[in-house]
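Worksheet: one structure, shown below.
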Amino acid sequence: MKNRIKEFRNRLKMTQEDLANSAKVRRETIVFLEQGKYNPSLQLAHDVALALGSTVDEIFIFEDR
């Protein structure tokens, strides 16, 4: 799954730490999400999208295999 977390985060001039605090996760989680090394739970995807003022559909790109 690809995502646009870094793009949206940069638009808002947020650091990874800022986003992590807003989504109530560790900064490392945001790093792994941005690198595509971690697929979030639906709850985490929702929390990240909310923290970025967006929707899950705008942030996360689901690809068919």
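Heavy-atom basis, side chains included; hydrogens, waters and symmetry copies ignored.
The local environment of CZ in Arg26 is sparse, with at most 12 non-hydrogen atoms from other residues, nucleotides or ligands closer than 6.0 Å. Heavy-atom contacts from other residues, nucleotides or ligands closer than 6.0 Å to CD1 of Ile61 number more than 12.
Shortest non-hydrogen contact noted between Asp18 and Lys13 is OD2-O, 4.4 Å. Listed here is the closest heavy atom pair of Ala51 and Leu12: O-CD1, 4.5 Å. Minimum interatomic distance between Thr55 and Ala49 (heavy atoms only, all atoms of both residues): C-CB, 3.5 Å. The heavy-atom pair separating Gln16 from Val31 by the smallest distance is OE1-CG2, 3.4 Å.
Rounding to the nearest 0.5 Å places OG1 of Thr15 at 7.5 Å from CG of Asn21. Atoms CG and CD1, from Leu33 and Ile59 in turn, are 11.0 Å apart once rounded to the nearest 0.5 Å. Here the straight-line distance linking atom NZ of Lys6 with atom CD of Gln35 works out to 9.0 Å at 0.5 Å rounding.
Residue Phe32 is not grouped with residue Leu42 when hydrophobic side chains (ILVMFWY) are merged at heavy-atom distances under 4.5 angstrom, including chains of intermediate members. At a threshold of 4.5 Å between side-chain heavy atoms, the hydrophobic network of Ile, Leu, Val, Met, Phe, Trp and Tyr places Leu50 and Phe60 in two separate groups.
Counting heavy atoms from C-beta on, the side chains of Lys24 and Asp47 never come closer than 4.5 Å. Annotation: side chain of Tyr38 is in contact with side chain of Leu44 (closest heavy-atom distance under 4.5 Å).
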Is there a side-chain contact (heavy atoms from CB on, under 4.5 Å) between Met14 and Leu52? Walk through the geometry before answering. CA-CA 9 Å; Met14 291 178 83; Leu52 293 170; 3.9 Å; yes
